[in-house]
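Convention: sequence-line order gives letters A, B, ...; per-chain numbering from 1.
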Amino acid sequence: MFLGKVLGYVWSTVKWPELQGVRLLLIKPYHYDEITNNGPGPDFDAVVAADVLGAGPGEDVVVAYGHAARVGIEEELPADELPHFPIDAAVVAIVDNFFVEGDETDSN
Amino acid sequence: MIQGRVIGEVWATKKLAHLKNQKLVLVAQRGENGFSGRVIVAMDRLDAKNGDEVVVSFGSGARNVFVPGSRTILVDAAISQIIDRRPVI
């Protein structure tokens, strides 16, 4: 999972039928420098993630990949059934706040 | 798996049910020299402290940190090892 900032929404009308009604967000992962405020840091590639928690642009979110994402956005999924959404990333938490200790230099 | 250092913690009230009362920590991933810049959010059951050097497993490997073979724990990253600090002689 990674910590990222929601850049905005991803709208599409022509899409795989399974994706009807699934909200997609464009999310930028945070770089180490950004969260220890040593400057902007290089830009990571943004990720498109499904969202059922209602995160808005500018909010900090935690995004998970793979199976955790697919099962995460299915409200009730019987234990034996496999998730059917064709996605590989989803917002699993909207971050209230996060703490990063002082950016002391890398000692070892 | 990756190696990294625990640099902080994440709190979120609005999250998926499966993530309830799981501790989420921030891990700065190691690169060639120092930190590569990537920051991982991993679940922690080993009670790693800030500054600990750890190994983070992903995907089903992460889920096996909690319940071997489980498909219901919605985790894709978990701390599987805390690396011992070199003894100061």
Open item on the list: Membership question, hydrophobic clusters at under 4.5 Å side-chain separation (ILVMFWY): are B:Phe35 and A:Phe44 in the same one?
Closed with: no
- [ ] May I ask you to decide if A:Leu53's main-chain N or O and B:Lys14's side chain share a donor-acceptor pair within less than 3.5 Å?
- [x] yes
Task: Transitive ILVMFWY side-chain link A:Leu26 to A:Val6, under 4.5 Å - done: yes
Open item on the list: Please tell me whether B:Phe66 and B:Leu46 are part of a single hydrophobic cluster in this structure, the criterion being side-chain heavy atoms less than 4.5 Å apart.
Closed with: no
Task: chain B contact via A:Asp33 - side chain, backbone, both or neither, heavy atoms under 4.5 Å - done: neither
Task: Shared hydrophobic cluster, B:Val41 / A:Ile73 (ILVMFWY, side-chain heavy atoms < 4.5 Å) - done: yes
- [ ] Please determine, among B:Ser36, B:Ala12, B:Gly51, B:Ala77, the option with the most heavy-atom pairs under 4.5 Å with chain A.
- [x] B:Ala12
Open item on the list: Using every non-hydrogen atom in the two residues, find where A:His31 and B:Val39 come nearest and quote the distance to one decimal.
Closed with: C-CG2, 4.2 Å
Task: Toward chain A, the part of B:Ile7 with a non-hydrogen atom under 4.5 Å - done: both
Task: cation_pi(B:Arg38, A:Phe2) dist<6.0 Å, angle<=45 - done: no
TODO: Can you tell which part of A:Val52 gets under 4.5 Å to a heavy atom of chain B, answering side chain, backbone, both or neither?
DONE: side chain
TODO: Just do the side-chain contact (heavy atoms from CB on, under 4.5 Å) check on A:Phe99 and B:Asn50 with the steps written out, would you?
DONE: CA-CA 10 Å; A:Phe99 158 76; B:Asn50 274 349; 3.1 Å; yes
Open item on the list: Is any side-chain heavy atom of B:Trp11 closer than 4.5 Å to one of A:Asn97?
Closed with: yes
Open item on the list: Just checking A:Lys5: does its NZ atom have more than 12 heavy atoms from other residues, nucleotides or ligands closer to it than 6.0 angstrom?
Closed with: no
Task: Reported CG-to-OH distance for the pair B:Leu26 and A:Tyr32, which is rounded to 0.5 angstrom - done: 11.0 Å
Open item on the list: Using 0.5 Å steps for rounding, measure from the OH atom of A:Tyr65 to the CZ atom of B:Phe58.
Closed with: 10.0 Å
- [ ] Determine the option with the most heavy-atom pairs under 4.5 angstrom with chain B, choosing from A:Ile35, A:Val63, A:Asp60.
- [x] A:Ile35
Task: Donor-acceptor contact present, side-chain B:Asp76 to main-chain A:Met1, <3.5 Å - done: yes
- [ ] Can you see which heavy atom on A:Ala93 is nearest to which on B:Lys15, and at what distance?
- [x] CB-CB, 3.6 Å
Task: B:Ile40 versus chain A, the contacting section by heavy-atom distance below 4.5 Å - done: both
TODO: Go through the atoms of A:Val62 and report whether side chain, backbone, both or neither lie under 4.5 Å from a heavy atom of chain B.
DONE: side chain
Open item on the list: If hydrophobic clusters are built from ILVMFWY residues whose side chains come within less than 4.5 Å, do A:Ile94 and A:Val10 share one?
Closed with: yes
